[in-house]
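For reference, the structure discussed in these notes is given below.
Predicted model, so just to flag it, every value in this text is computed and none were measured. The analysis underlying the following values was restricted to heavy atoms, covering all of them including side chains, and did not include hydrogens, waters or symmetry mates. Labels below follow one simple rule: chain letters A, B, ... track the order of the sequence lines, proteins then strands, and each chain is numbered from 1.
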Amino acid sequence: MKNLSKTYNPKEVEDKIYKLWEKSGFFNPDKLPKSYNLKAKSYCIVIPPPNITGELHMGHALNAACQDVLVRKKRMEGFKTLWLPGLDHAGIATQNAVEKELKKEGKTRFDLGRKKFIKRVWQWKKKYRNTILGQFKKLGCSLDWSRTRFTMDKDYSIAVNQVFSHYYKKGWIYQGERTINWCTRCSTSLSDLEVIYKEEPAELYYIKYGPITIATVRPETKLGDTAVAVNPKDIRYKKYISKTIKIQTVLGKAEMKVIGDKSVDMSFGTGAMKVTPAHDMHDFELSEKHGLEKKQVIGDDGKMTSISGKYAGMTVMDARKEIVKDMRKIGILEKTEPYTHSIACCYRCDTILEPILSKQWFLKMKELAKLAKKPVKTGEMKFYPKSFEKGYFAWLDNVRDWCISRQLWWGHRIPLKGETDVLDTWFSAALWPFATLGWPKKTKDLKEFYPTDVLSTARDIMNLWVARMIFSGMEFMKKIPFRKVYIHPIVLTKEGKRMSKSLGTGMDPIQLIEKYGADATRFGILYQVMRGQDIRFMEDNMVMGKKFCNKIWNASRFVLLQAENTKHKTQSAKLKLNAQNLTPADKKILKSLGKIIKSIDQDIESFRFGQAAHKIYDFFWHDFCDIYLEKSKKQLSDNVHYSVKIQTQQILLYVLLNSLKILHPFVPFITEEIYQRIPVKKKKKSLMIETWPQPAKAG
RNA sequence: GGGCACUUGGCGCAGUGGUUAGCGCGCUACGUUCACAUCGUAGAGGUCGCUGGUUCAAAUCCAGCAGUGCCCACCA
């Protein structure tokens, strides 16, 4: 075959084909052929915006491949299809990344000052914007670049401010002094969802408080104690409740109130606990309930405050050591026990968090949680897999008010006079499905594409992001943001470990594309997207994908060669054949084709990407290539009747064309390249807008 | 402490009641004029975690047990 090489070379094809697609304009739903608009049915997915902190990883690649399968199929089915791209400013994560870069230059953000620092982040954003969007293009994603959004765009910021003032006027946003999670490294508050708990061995210290002994893992916070709490039913301590006990502390003699509260677990430690309202969430609640004083002994910088006596200025760890030493000295440390404790860490920098008393802005969650639950309860919105609903409801049922202020520089400034804090990055991300479509303006896009159809995302941001998008959509649009939520598997290493750049267990999808080609990479990933929660990533599957592409290529070469011999053209969709002349092989392949089309359709609609990939592979390789192609060689030989020969050629082309169509969402580049060369009547500009095959009956 | 998921040939996974349990990668033997050696043909390899139950029939449904992983939670 003179114009097709013996092996498929993705490098010669991919950039060229992507340019052809971009030039066609078909990524943009407004530029699709007229037939699309007439059908008046739209299909929309907004991409989960990657953080601008770096490059895309395997999770992004997997998610992008899944979404591209969905939108390419819908586009071919005649839907006016929009897949909207975008990026998240990712407040804390990006600020950390830029600070890290500054550190290499020996500087901190304070050396630059707020204005210059933010300017620097925008430079960073520009760089990674191009990298990330370029990587989506390499993967073959059919995203409408003309609608690319960023969570800090001017229009988007207007939406954020409007949302803030809406809640504010409703009285749902309030400022309060509360004990919150504080990251001493990032110097900011964090919401409950931004805390990662890690189990670590610790020491449980039994300390004498006058007549009562309490147990704690954090003796340094005892300087901030303002009460001792016991269970009112506890006969050991009943007599002390509401009384004041005299105690000896490392700072001298003191008095301590004893309170009774049923939240105290009698079976833990000694059954008595110290109450440190400023440095423990539970203790804070007790202090509100019982009207206790709040003494802040740990500062924003993670060091003991001036009211900590001789320990002032020490780090928490140093103070702990000193206090334990001193307690031993004065004989109030009864004993210690080894204890496994889960410590709270920052989800962005891993630093141990200090609960501290701080003035922050909160969003009331009571009504919003109700809004978030409703559409999932009624079935208007569905989760795939359904099992995620349980965790979703559990979180909403127990959710506390959302701490939305962050003491960062990079982000949306809180739109109130005199406020220097910014909003939690998820506050703006929560508006993604409608703010990207133009809200608060009443745009054509909103009318046409909202509610969107599918949200495809990872399970770790279900509550952090998905739940918040749902109540935001319900509150501001009065409609669900998306009809279906697809929770894709997490990509792990072959050994079942988390993929992480810093651990050296990461896998770069762009390198895989370099090595195997984009189609092979996509197919290799999708081939592994089965029902489980995780994928143990096997690079072997990229090899499989590459071989499969080569098979598609060569089978096409064979079919094209036959077609060229007789200059035969097939109809794009319909095939008129004389059923009586069909050989058993003809009948069988046509029947299999009909079956596979139906099956692939169902699999994609129910997000069974791996099953679809397996089936399409088996059909093409085994049914079509191994069996029918071999049979066709006999049916095409010189000693058979001319009519059989023609018919065989027709069937070859017909099956190939339909195979290309159903393969296209999975391996878009190679199928487009072949489509461009295939002799088909009424050929479209691109396979992207060819008609998705109907599961027709066999021959 | 609660919840969820998983356990099938060397490795990674399909298969959710019915003939000899499949796929990819790997492995063995043979085969290169005629689409493809990134290939073809043939083949080796599994008591489907364990125990009990339901059924004419179970990898597949139920119960218990064991192992692995994940998520949630204010045990100080």
Output the rounded distance in Å from [atom1] ([X]) to [atom2] ([N]).
| X | N | atom1 | atom2 | result |
| --- | --- | --- | --- | --- |
| A:Tyr516 | B:rC25 | OH | C1' | 11 Å |
| A:Glu539 | B:rG26 | CD | P | 13 Å |
| A:Met544 | B:rG24 | CE | C1' | 6 Å |
| A:Gln528 | B:rG12 | CD | P | 12 Å |
| A:Glu389 | B:rA5 | CD | P | 13 Å |

[atom1] gap between [N] and [M], integer Å:
| N | M | atom1 | value |
| --- | --- | --- | --- |
| B:rG2 | B:rG64 | P | 14 Å |
| B:rU19 | B:rA57 | P | 14 Å |
| B:rG46 | B:rA59 | C1' | 11 Å |
| B:rA21 | B:rA66 | C1' | 25 Å |
| B:rG26 | B:rA35 | P | 25 Å |
| B:rG45 | B:rG53 | C1' | 33 Å |
| B:rU68 | B:rG12 | P | 16 Å |
| B:rU54 | B:rU60 | C1' | 14 Å |

State, without any angle test, whether [X] and [Y] hold a side-chain donor-acceptor pair at a distance under 3.5 Å.
| X | Y | value |
| --- | --- | --- |
| A:His290 | A:Asp261 | yes |
| A:Glu199 | A:Thr340 | no |
| A:Gln635 | A:Ser632 | no |

Practice task
May I have the step-by-step check of salt bridge (charged side-chain N to carboxylate O under 4.0 Å, His left out) for A:Lys262 and A:Asp234, ending in yes or no?
Solution key: CA-CA 10 Å; A:Lys262 62 180 192 304; A:Asp234 198 325; over 6 Å; no
Practice task
Quick one: list whatever passes side-chain hydrogen bond (donor to acceptor under 3.5 Å, both in side chains) with A:Lys390, sequence neighbours left out.
Solution key: none
Protein-nucleotides 15-20 of chain B N/O pairs under 3.5 Å:
residue	atom	partner	partner atom	Å
B:rG15	OP1	A:Gln611	NE2	3.3

Taking the basic N atoms (NZ, or NE/NH1/NH2) and the acidic carboxylate oxygens, is any pair closer than 4.0 Å for [X] and [Y]?
| X | Y | answer |
| --- | --- | --- |
| A:Lys274 | A:Asp225 | yes |
| A:Glu354 | A:Arg218 | yes |
| A:Glu539 | A:Lys494 | no |
| A:Glu285 | A:Arg400 | yes |
| A:Lys295 | A:Glu293 | no |
| A:Lys321 | A:Glu220 | no |
| A:Lys373 | A:Asp397 | yes |
| A:Lys294 | A:Glu288 | yes |

Exercise for the section: Starting from the C-alpha separation in whole Å, work towards a yes-or-no answer on side-chain hydrogen bond (donor to acceptor under 3.5 Å, both in side chains) for A:Thr179 and A:His279. Expected result: CA-CA 6 Å; A:Thr179 301; A:His279 301 291; over 6 Å; no
Need one value for [X]: base, sugar-phosphate or nothing, where a base atom within 4.0 Å counts as base even if backbone is also close, heavy atoms only.
| X | value |
| --- | --- |
| A:His622 | sugar-phosphate |
| A:Phe537 | nothing |
| A:Tyr527 | sugar-phosphate |

Set out, line by line, the N/O atom pairs under 3.5 Å between protein and nucleotides 29-31 of chain B.
none

Handout entry: Gap separating the NZ atom of A:Lys615 from the NZ atom of A:Lys598, nearest 0.5 angstrom
Key = 11.5 Å
Problem - Annotated protein contacts, base or backbone, on nucleotides 66-76 of chain B with a non-hydrogen cut-off under 4.0 Å, one of B, S, - each - result: ----S---BBB
Exercise for the section: For each nucleotide in nucleotides 35-40 of chain B, reading 5' to 3', give B when a protein heavy atom comes within less than 4.0 Å of its base, S when such contact involves only the sugar-phosphate, and - otherwise. Expected result: BB-BSS
Practice task
Please lay out, stage by stage, how A:Tyr628 and A:Asp586 fare under the test side-chain hydrogen bond (donor to acceptor under 3.5 Å, both in side chains).
Solution key: CA-CA 8 Å; A:Tyr628 190 71; A:Asp586 295 341; 2.6 Å; yes
Practice task
Assess the pair A:Phe620 and A:Phe624: is the distance between their ring centroids shorter than 6.0 Å?
Solution key: yes
Exercise for the section: Look at the side-chain N and O atoms of A:Lys390 and state whether any lies under 4.0 Å from the OP1 or OP2 oxygen of B:rG3. Expected result: no
Exercise for the section: Return the 5'-most residue of the pair A:Ser387, A:Val543 with respect to RNA chain B, ranking by each residue's nearest nucleotide. Expected result: A:Ser387
Fill in the blank from the handout: Output row for RNA chain B, stems defined as at least 3 consecutive Watson-Crick or G-U pairs under 3.5 Å, is B:1-7 with B:66-72, B:10-13 with B:22-25, B:27-31 with B:39-43, B:49-53 with B:61-65
